[in-house]
Amino acid sequence: MGRKFVVGGNWKMNGDKNQINEIVNNLKKGPLDENVEVIIGVPAIYLAYVKSIVPDSIAVAAQNCWKVPKGAFTGEISPAMLKDVGINWVILGHSERRSIFGEKDELVAEKVAHALESGLKVIACIGETLEEREAGKTEEVVFRQTKALLSAIGDKWANVVLAYEPVWAIGTGKTASPQQAQEVHSSLRNWLSTNASPDVANAVRIQYGGSVTAANAKELAACSDIDGFLVGGASLKPEFVDIINATK
Ligand code: PGA
């Protein structure tokens, strides 16, 4: 189907200049599979620095941004500011933003809409909690979260990557099994076929995220509807190179 594999690293609130230099040097050394798109999600204060030291083949993403271009929003940064310092991607709707900072579907959608309008590309995150999964609500939650994004995305699907990240798998060491992940990716693609369009469903890349490591990446990457990863903890480690190369 020709969906280019896309691996994101989400550093979250980690790293200092020394560690960042090490991570970037490791990525430069690679070697990285040239058929894989690589995007690293960097704390806001280091975005410009990282952009200045990574090769152009590695994209840099913010981990959040606000929903208007400028104004009295103390502490926030806008897509326009990101573009101004050469950043072309943003991660939005991460479960930590949703749960710790109280971001609801509607706010995530407004942020996605404004980021896309401003010319950013977006990694939009969705995923159920353990409680929701155990209550048999995985699809309901994932479809609800995605539905909220439909009108925000409009005809800009080419600039969106979806990241399915079951909350119970994030930072817990409990990866979804390839079967569990594939099942959600495939039903999400079917849902998109009906609710967006068959073309969107075929073309959109759906990353899996949640305790991805070099040890489990290959098996997950072999699933037909898994088009990449969003990697937290392991993106700070040398094994991130092996995760990028998981389809080799
Ligand atoms: P993890 O985080 O790989 O540390 O589980 C994934 C994420 O939150 O994107």
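Just so it is clear, the values below take in all heavy atoms, side chains as well, and ignore hydrogens, waters and symmetry mates. Both ligands and their constituent atoms are indexed starting at 1 by order of listing.
Ligand 1 has no N or O atom lying under 3.5 Å from any N or O atom of Glu96, backbone or side chain.
Ion pairing between a basic and an acidic side chain is recognised when a charged N comes within 4.0 Å of a carboxylate O; Glu103 and Arg98 show no such pairing. Residues Lys67 and Glu76 are not paired through a salt bridge, judged by the lack of any N-O separation under 4.0 Å between the basic side chain and the carboxylate. The pair Glu128-Arg133 meets the salt-bridge criterion, since a charged nitrogen lies less than 4.0 angstrom from a carboxylate oxygen. Salt bridge Asp227/Arg189: present, at least one basic N to carboxylate O contact under 4.0 Å.
Of all the atoms in ligand 1, the ones that sit under 4.0 Å from a non-hydrogen atom of His94 are 7 (C), 8 (O), 9 (O). Residue Asn10 has at least one heavy-atom neighbour below 4.0 Å for each of these atoms of ligand 1: 9 (O). Residue Ser211 approaches ligand 1 through these ligand atoms, each under 4.0 Å from one of its heavy atoms: 1 (P), 3 (O), 5 (O). Each of the following atoms of ligand 1 lies closer than 4.0 Å to a heavy atom of Gly210: 5 (O). Interface of Ala169 with ligand 1, defined as ligand atoms under 4.0 Å from a residue heavy atom, comprises 5 (O).
For the residue pair Asp105/Gln145, the side-chain donor-acceptor check at 3.5 Å is not satisfied.
For atom 3 (O) of ligand 1, the closest non-hydrogen atom of the protein is Gly232 N, 2.8 Å. The single protein non-hydrogen atom nearest to atom 7 (C) of ligand 1 is Glu165 OE2, 3.1 Å, given as residue, atom name and distance.
Ring orientation note: the planes of His185 and Tyr208 are tilted relative to one another, at an angle of 30° to 60°.
Nearest to atom 5 (O) of ligand 1 by heavy-atom distance, out of Gly209, Ser95, Ala163, Gly171, is Gly171. The residue among Ser235, Gly41, Gly233 with a heavy atom at the shortest distance from atom 4 (O) of ligand 1 is Gly233.
Not a single heavy atom of Ala234 sits less than 4.0 Å from an atom of ligand 1.
A 4.5 Å side-chain heavy-atom check between Ile23 and Phe240 finds every atom pair outside the cut-off. Residues Asn64 and Val90 form no side-chain contact, since every pair of their non-hydrogen atoms from C-beta on lies 4.5 Å or further apart.
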